[in-house]
Amino acid sequence: MNEVKRAYDASRRHEQARLRRRAVVVAAQELFERDGFRATSIAAVARLAGVSAEFIYKGFGTKAELAKAVFDFVIAGDDDAVPVAQRSSVQAALAEPDVRRKIDLYIEGLAQRQQRSAKVQILIRDGRHTDDALVEVWQKLLDERLAGMTMFGRHLLDTGQLRDGLDLDEVRDILWTYIAVELYELLVLARGWSLDRYAQWIAHAITAALT
């Protein structure tokens, strides 16, 4: 009985810690997007999340690392420990046999991720010019995008359905460019395109470049 109770207590503590961590990330997102990175203090995030500043420093480290945690949360849409590459939308694209439909499915999921994460990406990108702490975070976002597009590019090449003469470097770089937040920023945020129109245009542009 004692072992069962200890296991239950440990499980409850882990769940409470997860909920508190989630509260911190949600609070940080709200304050970053409303007030900006520099104007948002760890103390302010702690007050809004209902935790101590010590909890945030122990759990996340620096404010820049907290910004990266916010990005990871919004890009996934939740705090489940499942990488984006293993999410159902990406897996559906990988399982599709036709390369054009494969690209369509991938971009449908991408558009949803951009809608959730664009403001945070832009905050980190632009914030690095006034706060050196964000330089490394932005570079990490770029590196992660490049790694993801390297894997997806290799997958597309393996279908044998891309046009002749393309190598992995070119496929990767084309994908890496078209999924950049800058195009979402220009077309959706600046020009007012709908999410569907943006997704369709990106998918068509990638398909035209690769097939």
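- For the pair Arg163 (side chain) and Ala209 (backbone), a donor-acceptor distance under 3.5 Å is present.
- Atom CG of Leu183 is separated from atom CH2 of Trp201 by 5.5 Å, given to the nearest 0.5 angstrom.
- For the pair Arg12/Gln16, a side-chain contact is recorded, criterion being any heavy-atom separation below 4.5 Å from C-beta on.
- Side-chain heavy atoms closer than 4.5 Å link hydrophobic residues (I, L, V, M, F, W, Y) into clusters, and following such links, possibly through other members, connects Tyr178 to Leu189.
- Relative to the six-membered ring of Phe73, Arg22 misses at least one condition, a distance below 6.0 Å or an angle of at most 45° to the axis.
- At least one side-chain heavy atom of Asp104 sits less than 4.5 Å from a side-chain heavy atom of Arg101.
- The two residues Arg38 and Thr130 have their closest heavy-atom pair at NH1-O, 3.5 Å.
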(message) What verdict does the side chain to side chain contact (heavy atoms under 4.5 Å, CB included) test give for Ile75 and Arg116, after you've listed the backbone C-alpha separation in whole Å, the side-chain angles of each residue and the deciding distance to 0.1 Å?
(response) CA-CA 6 Å; Ile75 198 78; Arg116 293 192 301 264; 5.7 Å; no
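- Put simply, the side chain of Leu156 reaches to within 4.5 Å of the side chain of Leu175, judged on heavy atoms.
- When every heavy atom of Ala92 is checked against every heavy atom of Leu105, the shortest pair comes out as O-CD1, 3.8 Å.
- Residues His155 and Phe152 have side chains in contact (heavy-atom distance under 4.5 Å, counting atoms from C-beta outward).
- Closest non-hydrogen pair, Val45 versus Ile56, comes out as CG1-CD1, 3.8 Å.
- Counting heavy atoms from C-beta outward, Gln114 and Tyr198 have side chains that approach closer than 4.5 Å.
- The side-chain heavy atoms of Val74 and Lys119, taken from C-beta on, include no pair separated by under 4.5 Å.
- Remark: Arg21 is positioned above the aromatic ring of Phe60, its terminal NZ or CZ atom under 6.0 angstrom from the ring centre and at most 45 degrees off the axis.
- Heavy atoms from other residues, nucleotides or ligands lying under 6.0 Å from CD of Glu54 number 12 at most.
- With Lys63 contributing its side chain and Phe37 its backbone, the two residues share a donor-acceptor pair below 3.5 Å.
- For the atom pair CD1 (Ile202) and CG (Leu110), the distance works out to 7.5 Å, reported to the nearest 0.5 Å.
- Clustering ILVMFWY residues whenever any of their side-chain heavy atoms sit less than 4.5 angstrom apart, transitively, puts Met151 in a cluster other than the one holding Trp176.
- Applying the 6.0 Å contact sphere to CG of Asp158 captures more than 12 heavy atoms from other residues, nucleotides or ligands.
- Around atom CD of Glu136, no more than 12 heavy atoms belonging to other residues, nucleotides or ligands sit under 6.0 Å away.
- Transitive grouping of hydrophobic side chains (ILVMFWY, heavy atoms separated by less than 4.5 Å) brings Ile179 and Leu168 into a common cluster.
- In this structure, the side chains of Asp173 and Leu146 come closer than 4.5 Å at one or more pairs of heavy atoms.
- Atom-to-atom distance recorded for Ile206:CD1 and Thr211:OG1 is 11.0 Å, nearest 0.5 angstrom.
- With hydrophobic clusters built from ILVMFWY side chains whose heavy atoms lie under 4.5 angstrom apart, Ile122 shares a cluster with Leu142.
- The backbone N or O of Thr62 lies less than 3.5 Å from a partner atom in the side chain of Glu65, making a donor-acceptor pair.
- Heavy-atom minimum distance, Leu94 versus Lys102: O-NZ, 3.0 Å.
- The two atoms that bring Asp98 and Glu96 nearest to each other are N-OE2, 3.0 Å, heavy atoms only.
- Not a single donor-acceptor pair under 3.5 Å links the side chain of Arg128 to the backbone N or O of Trp138.
- Counting heavy atoms from C-beta on, the side chains of Glu15 and Leu19 come closer than 4.5 Å.
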(message) Under the criterion salt bridge (Lys or Arg N to Asp or Glu O under 4.0 Å), I'd like the reasoning laid out for Arg172 against Asp169: C-alpha separation, chi angles, the key distance, then a yes or no.
(response) CA-CA 5 Å; Arg172 174 201 62 200; Asp169 284 353; 3.5 Å; yes
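- Here the CD-CG distance, from Gln29 to Leu48, works out to 11.5 Å after rounding to the nearest 0.5 Å.
- Donor-acceptor pairing under 3.5 Å is lacking for the side chains of Asp196 and Gln200.
- Without hydrogens or angle criteria, Gln112 side chain to Leu195 main chain gives no donor-acceptor distance under 3.5 Å.
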(message) Run the salt bridge (Lys or Arg N to Asp or Glu O under 4.0 Å) test on Arg191 and Glu185 for me, step by step, so that the C-alpha distance in whole Å, both residues' side-chain angles and the decisive distance to 0.1 Å come before the verdict.
(response) CA-CA 8 Å; Arg191 298 303 307 147; Glu185 181 183 20; over 6 Å; no
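- Taking both residues in full, the closest heavy atoms of Ala53 and Ile42 are given as CB-CG2, 4.1 Å, listed atom of the first, atom of the second, then distance.
- Looking at Arg113 and Glu108, no side-chain N of the basic residue comes within less than 4.0 Å of a carboxylate O on the acidic one, giving no salt bridge.
- In this structure, CG in Asp35 is found 9.0 Å from CD in Glu30, a value given to the nearest 0.5 Å.
- Rounding to the nearest 0.5 angstrom, the gap separating the CE atom in Met149 from the CZ atom in Arg154 is 12.0 Å.
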